[in-house]
Chemist: 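The structure follows.
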Amino acid sequence: MSEPLLVVEDLSVEFATDTGWVQVLDGVTFGVDRGETVGLVGESGSGKTVTSLSILGLLPPEGSRVTAGSIRLDGVELVGMPKRRLEAMRGDEISMIFQEPMTSLDPAFRVGDQIAEVVRRHRGGSRREAWKRAVEVLETVGIANAGSRARSYPHEFSGGMRQRVMIAMALSCEPKLIIADEPTTALDVTIQAQVLDLLRSMRDEFGTAVVFVTHDLGVVADICDRAVVMYAGQVVERSEIDALYATPHHPYTEALLSAMPQLVARTGRLATIPGSTPPAGSMPAGCRFHPRCGHVRDRCRDTLVAERRLDGGGTSRCLRVSDLVLKGSA
Amino acid sequence: MTHAAEAETHVDPTVPGGPVAEVEDLDVEFTLRGGLLGRGGTLRAVRGVDLHIGERETLGLVGESGSGKSTTGRAMLRLVEPTRGRVRLDGEDVTAMGRGDLRAARRRMQMVFQDPYSSLDPSMVVGESIAEPLDTHEGLDRAARSARVAELLEHVGLRGAYAQRYPYEFSGGQRQRLAIARAIALNPRLLVCDEAVSALDVSTQNQILNLLEDLQERFGLSYLFIAHDLAVVRHIAHRVAVMYLGEIVETAPTDRVFDDPAHPYTRALLSAVPVPNPRRQRERERIILSGEMPDAANPPPGCCFHTRCPQVMDVCRSVAPPVVAAPGGGTVRCHLHT
């Protein structure tokens, strides 16, 4: 069996703090197949964004370090890759969409020029060809009058349209993989629906693989094929999407699902998860979720828990996985 | 009384004890000055809004950015001045009040914002921030003041001793609890919660929502709950008003709005929220609206939603729809129902 398009294997990352190096990712492992959309799910402090920045090689060079593990795109190792080679890959084989498009768009340049610049950097060719490509991808993402809109500046677009411009730029060199970090979180729900629809059709049309970083389990249910659930810097569960919602295999996943307020019917009192995510550097012993877990046993407090493979193809980092039947939302 | 207010009182069950807050034909205009293109003009952020909130009732006010929902909440407290219309609190006209009366009335209506730092001074211990409204309005002696602060902290599920800590020492959810403690310090009648849980993770968000429900029960509070998250509103609101481009396009008891939305915009809005259940999400009928909300400085003629409405008719392009009773309860502003 050939290796998935993206392999993240046993990735550990540390950040510098006033009191020394602190681990923020611990042995993160998952894969993404060609044309597949994988959700990286978790609350703030889970490590999902650090994971996505690691894949892009965008961790701050001072103040962070990869202490172990491997990230391979199409078999090519990205960890330790020289900066210039990484830069050559970014925007070409792997590209990104962030929550706030203005962090990636330069307000001083016309959007067509910015996309054309990406195309020329990676693909070469003439200015005219690059401009033509820019207009073409703007059309692809549903910008009306793309030819003239390419001459507009970022501030002349609404939030939803700017996110489309970002997606156009991300697609301009036909990447194998797009990292989308909360790309619809700042958008209104009707605009979010448009952008998710667009991402879906881009995937179907070009077979682009997507790592979709989000805290929103509704969005994951809508667009992802598989999900990687993160908690306190670790992967706690990996699963195909239908199985994850029907029969979760980690108490944290169960807790998240039960906490989602439902649109379809008002339930009784809302479920909560007691306490809060532990800060990096002061992780509890044993299972990191044990102080908040409703299914905790004594052994959970001191036994280090490894991620284990399950029969259905997923994984769980729970000692009790074989004797627990957890509730899903489906 | 305006047409809309009439239709509402006609359809909605009368709230016991009469409304705590009433808004009638509210308009808020902003003057646009200069700008890059040197154009002036006025922007009507809120247009002819009618609503009422009963005792111990939560009215959810939903809509997308630019719909005017926050401006409506602020205008009710006169944090922005209404251009037209009436706001009444317990029957008293807030819009006509002079400075002194308004200051006194603000005891009875308070606001909770998305960012708790807007009501907590980062350089002050939180007990001082919570005591600030007490100092302005009640002038308690030292012992009574700190006893009241400790009591308020306990009401919101925090320890009284936390009064001596600084805001940065608290988590996001705890800071929102502190902001709520400050907001209820003067025993208000009405709390306007403007995206009060939007910045929180889901587990923390639920703790705050449960707290708001507890406080409502315990102190008989009324809430105007402004939010873009429809699932949260379904949970907490008794009635819902949906805003689009400054207007309330539909209002009704929560179950009616969610189970049987009458306005095409409400239907699209609900269908756009992905549900956390992949199988159901795949099977749901989805209405993807084209385009975006028009510029409030240049609202379209006729129905404000006609430029994006999947069911638009000729009449919608030129004639503004009246507010009419909706099937199953509440009101709707749409030609499909006239």
Side-chain angles (χ1 to χ4, degrees), chain A residues 42-46 142 144 155 158-161 184 186-194 196-197 215-225 227 240-246 255-267 269-277 279 292 328-330, chain B residues 36 62-67 171-174 197 199-211 213-214 228-238 244 254-255 258-259 265 268-282 284 286-293 295 308:
Chain A
E43 298 182 286
S44 23
S46 63
H155 75 264
S158 66
M161 283 295 155
T184 60
L187 303 176
D188 278 318
V189 55
T190 63
I191 309 300
Q192 165 173 285
Q194 292 173 1
L196 291 176
D197 220 41
H215 69 283
D216 187 330
L217 286 162
V219 171
V220 173
D222 183 69
I223 195 151
C224 295
D225 304 304
E240 177 277 319
I241 216 76
D242 285 8
L244 184 85
Y245 288 77
L256 268 187
L257 287 173
S258 74
M260 287 290 290
Q262 293 288 320
L263 194 62
V264 278
R266 190 189 188 283
T267 45
R269 211 166 159 76
L270 285 171
T272 59
I273 309 177
S276 49
T277 309
R292 309 177 71 190
S329 68
Chain B
L36 276 176
V62 304
E64 300 181 281
S65 28
S67 63
S171 68
Q174 287 175 322
V197 299
L200 302 172
D201 277 324
V202 59
S203 57
T204 321
Q205 159 194 294
N206 291 3
Q207 294 170 10
I208 300 298
L209 292 171
N210 287 342
L211 171 67
E213 286 186 335
D214 291 345
H228 70 278
D229 186 328
L230 293 156
V232 164
V233 169
R234 162 133 237 192
H235 179 82
I236 200 161
H238 302 105
Y244 187 82
T254 307
D255 286 346
F258 281 80
D259 296 339
Y265 176 64
L269 198 59
L270 289 172
S271 92
V273 182
V275 298
N277 178 332
R279 288 197 190 113
R280 230 182 31 234
Q281 176 63 13
R282 276 194 294 272
R284 280 173 85 213
R286 260 170 288 181
I287 307 163
I288 307 252
L289 291 180
S290 58
E292 310 198 357
M293 200 186 300
D295 182 1
R308 300 172 77 196

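Here is the naming used below: chain letters follow the sequence lines, and residue numbers restart at 1 for every chain. Remember, it's a predicted structure, so these values are computed and weren't measured experimentally. Just so you know, these numbers use all the heavy atoms, side chains as well, and skip hydrogens, waters and symmetry mates.
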Chemist: Measuring heavy-atom distances to chain A, does S290(B) have an atom under 4.5 Å in its side chain, in its backbone, in both, or in neither?
Modeler: backbone
Chemist: For L230(B), is it the side chain, the backbone, both or neither that has a heavy atom under 4.5 Å from a heavy atom of chain A?
Modeler: both
Chemist: What closest approach, in Å, do E292(B) and G160(A) show between heavy atoms, and which atom pair accounts for it?
Modeler: OE2-CA, 3.9 Å
Chemist: Mind checking whether M293(B) and I191(A) have side chains closer than 4.5 Å, heavy atoms only?
Modeler: no
Chemist: Is it true that D222(A) and R284(B) have a side-chain N and a carboxylate O under 4.0 angstrom from each other?
Modeler: no
Chemist: Say you draw a straight line from OG of S329(A) to CZ of R279(B); how long is it, rounded to the nearest 0.5 Å?
Modeler: 10.5 Å
Chemist: Kindly compute the distance separating CG (L200(B)) from OG (S276(A)), expressed to the nearest 0.5 Å.
Modeler: 11.5 Å
Chemist: Under 4.5 Å from any heavy atom of chain A, what part of D229(B) do you find: side chain, backbone, both or neither?
Modeler: neither
Chemist: Look at L257(A), D242(A), L196(A), L217(A) and state which one has the largest set of heavy-atom pairs under 4.5 Å with chain B.
Modeler: D242(A)
Chemist: Can you find a pair of side-chain heavy atoms, one from E43(A) and one from S203(B), that are under 4.5 Å apart?
Modeler: yes
Chemist: Under 4.5 Å between any side-chain heavy atoms of D214(B) and R269(A), yes or no?
Modeler: yes
Chemist: May I ask you to decide if L289(B)'s main-chain N or O and Q194(A)'s side chain share a donor-acceptor pair within less than 3.5 Å?
Modeler: yes
Chemist: Using the side chain to side chain donor-acceptor pair (under 3.5 Å) criterion, which residues pair with N277(B)? Sequence neighbours excluded.
Modeler: none
Chemist: Which bit of L270(B) is near chain A, if near means a heavy-atom gap under 4.5 Å: side chain, backbone, both or neither?
Modeler: both
Chemist: Considering only heavy atoms from C-beta outward, does the side chain of L270(A) approach that of H235(B) to under 4.5 Å?
Modeler: yes
Chemist: If I measure from the heavy atoms of chain B, does A271(A) come under 4.5 Å with its side chain, its backbone, both, or neither?
Modeler: backbone
Chemist: Please check: side-chain N/O of N206(B) versus main-chain N/O of A259(A), any donor-acceptor pairing under 3.5 Å?
Modeler: yes
Chemist: Counting only non-hydrogen atoms closer than 4.5 Å, does D197(A) touch chain B with its backbone (N, CA, C, O), its side chain (CB onward), both, or neither?
Modeler: side chain
Chemist: Tell me, for S44(A) versus chain B, whether the close heavy atoms (under 4.5 Å) come from the side chain, the backbone, both or neither.
Modeler: both
Chemist: To the nearest 0.5 Å, how far apart are OG1 in T190(A) and CD1 in I288(B)?
Modeler: 9.5 Å
Chemist: Side-chain contact test, heavy atoms from C-beta onward, threshold under 4.5 Å: evaluate it for D216(A) versus P276(B) and give yes or no.
Modeler: no
Chemist: Partners of Y245(A) by ring-ring contact (aromatic ring centres under 6.0 Å, His included), sequence neighbours excluded?
Modeler: none
Chemist: Are side-chain heavy atoms of P274(B) and Q192(A) found at a separation under 4.5 Å?
Modeler: yes
Chemist: Taking side chain as C-beta onward, heavy atoms only, is Q207(B) less than 4.5 Å from P274(A)?
Modeler: no
Chemist: So, the side chain of Q281(B) versus the backbone of I223(A): is there a donor-acceptor pair under 3.5 Å, distance only?
Modeler: no
Chemist: How close do V275(B) and A221(A) get, heavy atom to heavy atom, and via which atoms?
Modeler: O-CB, 3.4 Å
